[in-house]
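Heads up, the thing below is written out as structure tokens.
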Amino acid sequence: MLSLLLGSVVIVPLPACSDSSPRNGDAGAPVRLAHPAWGAPVPAGGWDYVSGTVPRRVDQLLIQGRPARLDRGGGFLAYVPTPRYPDSAYRILAIRGEDTLRAKHPISFATYLARGSLLVDSTTLYPKHEVSLRPTDRIRVGITAPAEATVWLEGSGGTIPMHPPAPAAASRTRPWGIPVTARQLSAVERLVVAHGPDTVRLALPPVDTAPTEWPARLVNPANWADNGDDGEIVGRSEPGGPYSWFFLAGTPATVTGRYGEQLRVRLAPAVEAWVHEARVRRAEAAAEPASPAALRLVLRPEWAELSIPMTSPPAYQVAEGQTGLALDLFGASDRWEPLTLRASRSSWLRQAACRPASPGRVRCVVSLNVPLFGYDVHWREGTFVLRVRRPPVPLPEKPLQGLRIALDAGHPPAGAVGPTGLSEREVTLAVARQAKRMLEKRGATVVMTRTDRRAVGLEQRRALAARHEVHAFVSIHVDGVPSGGDPDRYGGTSTYYFHRHSVPLASALQWSLSTRLELRDRGVRYGNYAVIRPTWFPAALVEGTTLSLPAHERALRSRSFRAAYARGIVDGLERYFAALSRHTTAGRAAPPARR
């Protein structure tokens, strides 16, 4: 690989930064680009960040003619326009005194169609897969194209203009889109992008407006663990949307449509969801509506269990409340009779009541005298089981005493890498180890999901926490700026939750971390992350800071900053359980029984 030398400055294009620290003090130290990697694809017509390492003796570094921010730790960062197609390289200029050096760092582009000066990323076209929908079903058609272009749909049914999108900062392209019915789309043959004399035409997939319905069962593939799958059967309200359904294996459904690899399934009258085709198996016949037998409520010191014998696993949804939950069972028969099961007045559980809510849907409401802490749903020998967990009652003066806490050191596999080569997996494990020692000093038992550099699967991490009946799960991470992202929008602390009952934990962690680390508070956010989707315990994922930023990477190398990160986690946990102790009944809960 070619090296360029001028004065004492060397630029060596490398595929990526290594995990070792750069040789910033050496006379022959290279300027390395960590992002984008050598030959990596970048978005044409937009902006992207460029980061890496630079010798300290360099006075100024220009990327695409724009100055990079140099950090005293040896890292640099720039946010610049990507090269204009077909120029597939970043231009680098290093300056030391009167010495200058010019070099190029090659990149690549995604699949683009070019006509003269018009450039269109064909990978952003949607829909791009087979579509089978009812004539009146609506579907969105779109593409990413130049902001100053004209975009329309054309075919045997005429043309449908697409309206200009809202402007976006620092980008020469925009996401264009328009909702149409399947009937309209079936008469469309192509999407057209035009700018001046140049025109690009992209063919759209055929649309079937008479989908065949067939009975099915929702299943887990036999080799899901071998493929790195998390083992969940999930559904969405629309293709590509957030998860809104979690299914039991064997749930009956009727397939009513297709969008690429996503199948639409009917779960009850007027209730449908989108499921990946790998989770759907054809059934010999449509299932009969699920009929209940006698309901049973079992109350234990550690949990309460509502058992509903049924003919087949039903589709269900859980709506969480502050002191209880509502369980909707779909595909149920109309022979349900309203039933209310009450506990004693002194119990932590108030009552469970089930009654028909609409055709094919039954709602069971579980009311508690304490905050909702956790729950679990499973199918056991012909019985649908909802188990609700009683929260612990921490000691006000020692809120963590006797509790079990899972610390999840995020990654590997994958994970962010800083400009000088510091890896997320190294940082998160170091922080988790320090937090473990601090928690143990406060009386907690700590379950570590990862104890060395080896990769641990997402399902293994969740299963380990569930097996130990932990009272809280904290996944530790540091953020990375995504390709095309503006670094100035990052650089703070954020905490994510998936289920509503985890919001108090996430809020306590976020307050403590932003206070300890003294970084911008980026808030508590919903996040669709597999490790925080379990329901049996409160779970949160924390992003202490952003590893892609040179100054933050330098801080993450220091033991003091890692200790502050760990202390922020521990203080947040203590804050959460101290608040919980004020809302739970007096006395200590018995140790949880194994499920």
Side-chain angles (χ1 to χ4, degrees), residues 40-46 82 84-86 88 107-166 168 171-213 236-241 255-264 274-278 280 483-484:
V42 301
T82 56
R84 285 187 176 271
Y85 184 89
S88 56
I107 48 88
S108 63
F109 296 99
T111 305
Y112 286 90
L113 297 178
R115 297 291 185 273
S117 62
L118 177 61
L119 186 68
V120 178
D121 182 358
S122 60
T123 63
T124 64
L125 176 69
Y126 58 92
K128 58 171 64 77
H129 304 293
E130 174 188 356
V131 177
S132 180
L133 296 171
R134 294 179 290 256
T136 57
D137 290 338
R138 299 185 71 80
I139 186 171
R140 191 167 180 82
V141 183
I143 195 166
T144 298
E148 64 273 14
T150 303
V151 184
W152 70 90
L153 306 176
E154 68 177 20
S156 59
T159 63
I160 303 175
M162 299 178 71
H163 302 292
S171 179
R172 300 189 291 268
T173 61
R174 304 284 190 270
W176 294 71
I178 185 174
V180 297
T181 65
R183 180 184 290 112
Q184 288 177 302
L185 189 57
S186 66
V188 171
E189 298 171 3
R190 64 192 69 87
L191 183 148
V192 184
V193 182
H195 182 236
D198 304 315
T199 302
V200 170
R201 287 180 165 84
L202 299 101
L204 289 167
V207 178
D208 174 19
T209 57
T212 301
E213 296 188 0
R236 311 170 191 261
S237 298
E238 59 183 11
V255 175
T256 64
R258 173 183 285 274
Y259 182 99
E261 297 178 338
Q262 298 289 317
L263 296 179
R264 186 178 59 193
W274 290 89
V275 182
H276 194 277
E277 63 182 1
V280 182
S483 181

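Side chains included, hydrogens not; waters and symmetry mates left out as well; all remaining heavy atoms used. Keep in mind that this is a model prediction, so the values were computed, not measured.
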Val188 vs Val180 side-chain heavy atoms within contact, under 4.5 Å
no
Side chain to side chain contact (heavy atoms under 4.5 Å, CB included), that's the test. Do Ile107 and Thr82 meet it? Break it down for me.
CA-CA 10 Å; Ile107 48 88; Thr82 56; over 6 Å; no
Are the side chains of Glu261 and His129 in contact, using a 4.5 Å heavy-atom criterion?
no
Which heavy-atom pair separates Arg183 from Ser186 by the least distance, and what is that distance?
O-OG, 2.6 Å
Would you check if Leu125 and Ile143 make a side-chain contact, meaning some heavy-atom pair closer than 4.5 Å?
yes
dist Arg138:CZ -> Ile178:CD1 (nearest 0.5 Å) comes out at 8.5 Å
Correct closest heavy-atom pair for Pro146 and Leu118 would be CG-CD1, 3.8 Å
Nearest non-hydrogen partners of Ala145 and Val151, listed with the distance:
CB-CG2, 4.4 Å
Locate the shortest heavy-atom distance separating Glu189 from Ser156; write the atom from each residue and the value.
OE2-N, 3.9 Å
Heavy-atom closest pair (Arg236 atom, Gly241 atom, distance to 0.1 Å) is NH1-O, 2.5 Å
Please determine whether side chain to side chain contact (heavy atoms under 4.5 Å, CB included) holds for the pair Leu204 and Leu153, giving the CA-CA distance in whole Å, both sets of side-chain angles, and the decisive distance to 0.1 Å.
CA-CA 9 Å; Leu204 289 167; Leu153 306 176; 4.2 Å; yes
Just so I know, are the side chains of Met162 and Leu191 near enough to count as touching, which here means a heavy-atom distance under 4.5 Å?
yes
Judged by atom type as modelled, is there a donor-acceptor pair below 3.5 Å linking the side chain of Gln262 to the main-chain atoms of Tyr259?
no
Are Ser122 and Leu202 packed together at the side-chain level, in the sense that at least one heavy-atom pair is separated by less than 4.5 angstrom?
yes
Answer whether the closest heavy-atom distance between the side chains of Pro127 and Val207 falls below 4.5 Å.
no
Rounded at 0.5 Å granularity, tell me how far OG1 in Thr124 sits from CH2 in Trp176.
12.5 Å
CH2 on Trp274 to CG on Leu263, rounded to 0.5 Å:
8.0 Å
Any chance CZ of Arg190 has more than 12 other-residue heavy atoms, nucleotides or ligands included, within less than 6.0 Å?
yes
Test item: Arg264 side-chain N/O and Thr256 main-chain N/O as donor-acceptor pair under 3.5 Å:
yes
Nearest 0.5 Å please: distance from the CD atom of Glu238 over to the CD1 atom of Ile139.
11.0 Å
Closest non-hydrogen atom pair, Ala194 against Thr199
CB-OG1, 3.9 Å
For the atom pair NZ (Lys128) and OG1 (Thr123), what is the distance rounded to the nearest 0.5 Å?
6.5 Å
